Engineer: 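My questions all concern the structure below.
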Amino acid sequence: MVEYSSPNTNKPLHLGHLRNNFIGYSTAEILKASGYEVRKVQIINDRGIHICKSMVAYEKYGNGETPESANLKGDHLIGKYYVRFDQEYKKEIESLTANGTSPDQAKKEAPILVEAQETLKKWEGGDPETVGLWKKMNGWVYDGFNTTYEKMGVDFDKFYYESDTYLLGKDLIEEGIASGVFYKNDDGSVWVDLESDGLDKKLLLRSDGTAVYMTQDLGTADMRHQDYPFEKSIYVVGNEQDYHFKVLFLILKKLGRKYAEGLYHLSYGMVDLPSGKMKSREGTVVDADELIDEMRDKAESKTKELGKIEGFDREQAQALYHTLGLGALKYYLLKVDPKKRMLFNPEESIEFQGNTGPFIQYTHSRISAIIRRANESDIPTDISNNSDLETQELELIRLLVQYPEKIYEAAENYAPSVIAQYVYDLAKEYNRFYTELSIFGDVDRKITSLRVVLSIQVANVLKKGLALLGVKAPERM
RNA sequence: GGCCUCGUAGUUCAAUGGAUAGAAUAGGAGUUUCCUAAACUCUAGAUGCAGGUUCGAUUCCUGCCGAGGCUACCA
């Protein structure tokens, strides 16, 4: 099981989510290719104080606006109100502190925050009006997300929602207390002491009896294992949660869950901007939809400039621009080791030349032209009698046979970057071969056959390798 | 403060203890009567600092310097 994406429903997806989604999707594909039966799931964070913040801001300032009336994708509309909340909140804190309230107190007492907390209580109490608004707003967000997922080319077998799972895990608390793994404080709160494992004490149940994030994740893990009795379960979640997952897995082991051995946190680094970290509340994010559209446009202008797609109708051309723009973006985010933090410079990051998605796609297109020509001229594919191979041919064969072990390596390490590096090396080597040796030119027919067969094999592996990254390989570009 | 990551050409990335530390990009010089020049060739350029382990260290260990993260009865 691979869990990835798992967004909050209070703002649109951004560059960080793109990295998450691409890593998750690709890892799932790589595991499939290495023989696993894979389920892709996500757990949507659709409840909590942050959601209530958007709801409050919408009620106060929304004037009944809808995605249609605002001509905005639903997720962007909600994101607007989330930002608005933060602006108002800051204003209130300022005026409170100006009137002599201490900053700490002001942060707690700002009326708009209090209102959000009340909204959360109403939601938890099942207040029909609050729940109705929540459903309506989340529905808009899901519509927006679905559009983005489709654009990104990712999919899921099952969606989990925190509004369904946030009460889970309490049974596990009882179980843990009974077996002595957890203990209860005088105030009624429940803790686990992991100090003997080099970690801290961790709260699992508040003194008022309500669950926390960890409790919920414990319960969700059990539930998912019942839904799909997995051998391995991969959580694709950012590295700021390293500690959380360390604790989660350890607790599950202590509770004697056998499946805990197969749990893995695929921890990936943040995507930084030259200006530093992205902060959605402050609006300093690279929006996923905008970025994809920008890349598409860039692919369009580049393609038109080169003028190589004569005969394409409008639909084919549009599909190609999307394939190329998205290919550039995916490859860019996947070629880096997932564990590492990476820098995204909007001005110059994503190119179509050099070690890029389009370079590999271009190589595939080049080979496709060769294959078309070979089919027309009826080149035999019998290559049994070749003996003296050129170094460029040997080098290609050497790379081709590595493909299976690269899949294995990528699967072992949950590292799509292994595949990305490999297809790049193969494409680069093929381009050398292509430039330095003639396929149809002044050569023996047997040699032509050999080189055509080699080309076909390279095209196959490039196409399959790119597919593992979620990147399409066009036949012309 | 404690814990966890990470420091490699100007820049963005490679390199599971092994040979001369690879690419791309930016810079310089070239390649198109010939299969797609989104390509190819040549050139110059890097392991934060100080120790240690080892026949051998970008990789393992220690210290320092620098960057980021975690350290909520938030999720």
Side-chain angles (χ1 to χ4, degrees), chain A residues 6 8 10 43 45-51 117 120 162 166 185 187-191 198-200 202-217 238-247 267 269-270 272 274 276-277 299 302-303 305-309 324 327-328 332 335-337 339-345 348-374 377 409 412-413 415 417-418 420-421 424-425 427-428 430-443 448 451-452 455 475-477:
Chain A
S6 302
N8 293 347
N10 61 347
I43 177 156
N45 189 338
D46 62 345
R47 64 162 289 280
I49 189 72
H50 49 292
I51 311 295
Q117 283 163 343
L120 181 59
E162 269 191 29
Y166 82 108
N185 253 358
D187 62 5
S189 57
V190 176
W191 297 73
L199 304 172
D200 296 321
K202 187 83 191 171
L203 177 88
L204 296 173
L205 202 65
R206 296 190 186 102
S207 48
D208 65 5
T210 56
V212 294
Y213 183 37
M214 185 62 73
T215 325
Q216 172 191 152
D217 266 10
N239 64 8
E240 76 273 18
Q241 296 200 36
D242 283 357
Y243 184 74
H244 173 78
F245 282 101
K246 215 187 260 184
V247 172
S267 161
M270 297 291 109
D272 287 327
K277 207 183 165 183
K302 182 80 184 171
T303 303
E305 181 191 319
L306 293 172
K308 294 180 184 174
I309 57 165
L324 295 178
Y332 177 80
K335 73 177 175 185
V336 181
D337 185 327
K339 288 192 273 300
K340 293 204 173 171
R341 244 169 73 207
M342 63 183 291
L343 184 79
F344 176 78
N345 184 338
E348 57 193 42
S349 277
I350 303 184
E351 294 296 330
F352 290 176
Q353 275 161 11
N355 188 353
T356 66
F359 167 76
I360 300 160
Q361 291 172 315
Y362 169 75
T363 307
H364 183 267
S365 288
R366 251 187 167 181
I367 302 175
S368 298
I370 295 289
I371 296 172
R372 282 194 295 273
R373 179 163 165 185
S377 29
E409 186 185 337
E412 279 291 290
N413 297 301
S417 55
V418 169
Q421 292 292 336
Y424 172 70
D425 288 341
K428 185 151 181 58
Y430 185 83
N431 278 310
R432 187 202 310 274
F433 160 89
Y434 181 94
T435 309
E436 294 177 359
L437 300 176
S438 177
I439 296 172
F440 298 108
D442 191 18
V443 291
T448 296
R451 290 180 183 166
V452 166
S455 297
E475 309 224 322
R476 285 184 61 191
M477 64 185 272

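Throughout, protein chains are lettered first and strands after them, A, B, ... in sequence-line order, and every chain is numbered starting at 1. Every value quoted in this text rests on a predicted model; they were computed, and no experiment measured them.
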Engineer: Using the rule side-chain contact (heavy atoms from CB on, under 4.5 Å), only one of A/Val190, A/Asn185, A/Val212 pairs with A/Leu203; which is it?
Structural biologist: A/Val212
Engineer: Considering only heavy atoms and no angle criterion, is a donor-acceptor pair shorter than 3.5 Å present between the side chain of A/Asp187 and the base of B/rC73?
Structural biologist: yes
Engineer: In Watson-Crick or G-U wobble terms, both distances under 3.5 Å, what is the partner of B/rC55?
Structural biologist: B/rG18
Engineer: Considering only atom P, compute the distance from B/rC70 to B/rU12 and round it to an integer number of Å.
Structural biologist: 22 Å
Engineer: If you look at every strand shown and take non-hydrogen atoms under 4.0 Å, does A/Leu199 touch a base, only sugar-phosphate, or nothing?
Structural biologist: nothing
Engineer: What does A/Lys339 touch in the nucleic acid at a heavy-atom separation under 4.0 angstrom: a base, only the sugar-phosphate, or nothing?
Structural biologist: nothing
Engineer: Taking atom types as modelled, is there a side-chain donor on A/Asn239 or A/Arg341 under 3.5 Å from an acceptor on the other?
Structural biologist: no
Engineer: Select base, sugar-phosphate, or nothing to describe what A/Leu306 touches, counting heavy atoms under 4.0 Å on all strands.
Structural biologist: base
Engineer: Just name whichever nucleotide pairs with B/rA23, Watson-Crick or G-U, keeping both distances under 3.5 Å, else none.
Structural biologist: B/rU12
Engineer: NA contact type, A/Ser417, heavy-atom cut-off 4.0 Å: base, sugar-phosphate, or nothing?
Structural biologist: nothing
Engineer: Categorize A/Tyr243 for me: base, sugar-phosphate, or nothing, with a 4.0 angstrom heavy-atom threshold over every strand shown.
Structural biologist: sugar-phosphate
Engineer: Taking the side chain of A/Phe359 as its heavy atoms from C-beta onward, which of B/rG68, B/rC4, B/rC40 lies nearest to it?
Structural biologist: B/rC40
Engineer: Any strand counts, and the cut-off is 3.5 Å on both contacts for Watson-Crick or G-U wobble. Which nucleotide pairs with B/rA46?
Structural biologist: none
Engineer: In the structure shown, which nucleotide is the Watson-Crick or G-U wobble counterpart of B/rG1, with both distances under 3.5 Å?
Structural biologist: B/rU71
